[in-house]
Amino acid sequence: MSTAIEFDRVSKVFGSGTSRVEALREVSLSVQAGQIHAVVGCSGAGKSTLLRTVNGLERPTSGRVVVAGRDTTALSGKELYAARQQTGMIFQQFNLLSARTVYGNIAYPLRLAGLSKDAVLDRVEELLAFVGLTDKALSYPSQLSGGQKQRVGIARALATEPQIILSDEATSALDPATTAEVAGLLQRTNEEYGVTVLLVTHEIDVVRDIAHRVTVMDAGGVVEDGTTYDVFSRPQHAVTRRFVSSVLRSVPDEGALATIRRVHRGRLVQLHVEDRETDQPFLSEVARRTGVDFDVVYGGVEELQDRLFGSLTLELLGEPAAVEAAVAQLRVSTTVVDLDAAAPPAPSRALRLAEEVAVGA
Amino acid sequence: MREFDLETFLPRFWQALGDTAVMTAVSFVVAGVLGVLLALWLYASRPGNILENRVVFAVLNFVINLVRPVPFLIVAIAVVGLTRLVFGTGLGPLPQTLPLSIVASVAIARVVESNLVAVAPGAVEAGTAMGASPARVLFTVVVPEALGPVVLGLTYILVALLDATAVAGALGGGGLGYLALNYGWARFDYTVIVIVVVTLVVLVQAVQAGGNLVARRVMH
């Protein structure tokens, strides 16, 4: 797989003196061609600034941004305009031209590229069909819904057949149903045209649904980077855990635990569920071997990028010694968080996750 | 108070209406061209724009602010020397288009510039991101996006011009203002004043309605 965008120690400083803000601190990152690469982080983390260095809307204070083998930070004038024509961009507020029709908006980049009138017409018709807005060609942006506007935005970004689409919070101004629809369209764009999508968002649902890879940013730096599966199933950084826990609800929070305990007085343990290589039923085996009964009281398993992961909370019932043995045997097969232990064992990753959720972070 | 004599009044009225129309139309066209150019120059020389130039921006800004607060009457008197030099006389509707054009130009420059500046930054950013040069962004994004409010602004100025022609008329330009002052006010003929006022009201309404119509066509 080749690299589509390479950020090489990119820094960006805004202002000076007391108003000096370091928006980006030596960010190095590779975006692979043909992938949907999400950059997540809280507002002010620097993710939009990073995105905007790709097409030169923002000039890094230092560092290089290599797109298709060329350092975009070194481009200016006509070279820069030409490079921008080869990079599509979609925006949170859509940024359509209100004085032009849907047709005119999508035709705009094609006219910039110098296409003939007939070629523009053909291409716009094709794009309108792709985004499902053929009947809206002569409407003005003010006559469209938010989702329709963003579909026009996507069609416009795709017009010149770019290799890269930059998506700057493209779904953040949309309601959940429309967000899913627009995210789906981005995914279809990636799959059908093989376009690399660099997607900046604070909406973790969108990342889970369509991203192949995730970079987590905090305070201008990269704190975590990996495949979506890895980042979601084994989040390392506190910021990542906070994001991930907001969409994965398989781990009970304090309130849920209290509800569970009203009925379930046995020992509560929380198991980490991951893709496994065998279909060996370790739960029932452990139960049979130790003579302990168990009940599933909470949990969920999700599918992500064709792999499974999640968490199950079990109530173990039996002799204290047998229960202890069962917990020990479960630990052989997976990560276990003992929710009843007075002094928790060596803080596992999952425990830290549980704590994070419990304090409502 | 004398009897109102329609027969002597009507020719004067048509003459005055014509003079007002000439003064308004000529100065509006001249000021429209000058004012829009001035606005584009002002906008382009703003910090961060294509022809970014602090000195030019400051000077243009100062000149516009210098002329704008001065009442039209004072401007017309101040430039009367220039008017005589250019037209050979200060009397008649055409010479008066000079001060009218000066005042309207700076007003149009300011109104148009304000509307260019007010164009959504997102639209400008989209144009830039699509690879349009700054000049192309100005003429294919900023100007079209600002057109609706610009038309309304120009309509406002056209009405103000109509208003100013009354003063120009009093200074020797002729027109409806002159008619009202010399045949109405000076001769205590309120019928003339009423007719002039009604005519002006009708004209203003017509201009505003026309402006609204055009603005609706270009705004979406």
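To find a chain, count down the sequence lines: A is the first, B the second, and so on, and within it residues start at 1. Given the structure is predicted, the values throughout are model-derived calculations rather than measurements.
The minimum heavy-atom distance between B:P144 and A:A99, with the atom names listed, is O-CB, 3.5 Å.
For chain A, no part of B:A120 is nearby; none of its heavy atoms comes within less than 4.5 Å. If you measure heavy-atom distances from B:P134 to chain A, the contacts under 4.5 Å come from both the backbone and the side chain. Contact annotation for A:L57: only side-chain heavy atoms (C-beta onward) come within less than 4.5 Å of a heavy atom of chain B.
Per-residue counts of heavy-atom pairs under 4.5 Å with chain A were compared for B:G131, B:G148, B:G127, B:A126; the largest is that of B:G131. Chain A forms more heavy-atom pairs under 4.5 Å with one residue of B:V119, B:V218, B:L147, B:V141 than with any other, namely B:V141.
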Step through the atoms of chain A and chain B and list each donor-acceptor pair whose separation is under 3.5 Å.
unit_1: A:R52; atom_1: NH1; unit_2: B:E125; atom_2: OE2; d: 2.1
unit_1: A:R52; atom_1: NH2; unit_2: B:E125; atom_2: OE2; d: 3.0
unit_1: A:N95; atom_1: ND2; unit_2: B:G122; atom_2: O; d: 3.1
unit_1: A:S98; atom_1: N; unit_2: B:E145; atom_2: OE1; d: 3.2
unit_1: A:S98; atom_1: N; unit_2: B:E145; atom_2: OE2; d: 2.8
unit_1: A:S98; atom_1: OG; unit_2: B:E145; atom_2: OE1; d: 2.8
unit_1: A:A99; atom_1: N; unit_2: B:E145; atom_2: OE2; d: 2.9
unit_1: A:R100; atom_1: NH2; unit_2: B:T140; atom_2: O; d: 2.5
unit_1: A:Y108; atom_1: OH; unit_2: B:T140; atom_2: OG1; d: 2.5
unit_1: A:Y140; atom_1: OH; unit_2: B:H220; atom_2: NE2; d: 3.1
unit_1: A:S142; atom_1: OG; unit_2: B:H220; atom_2: O; d: 3.4

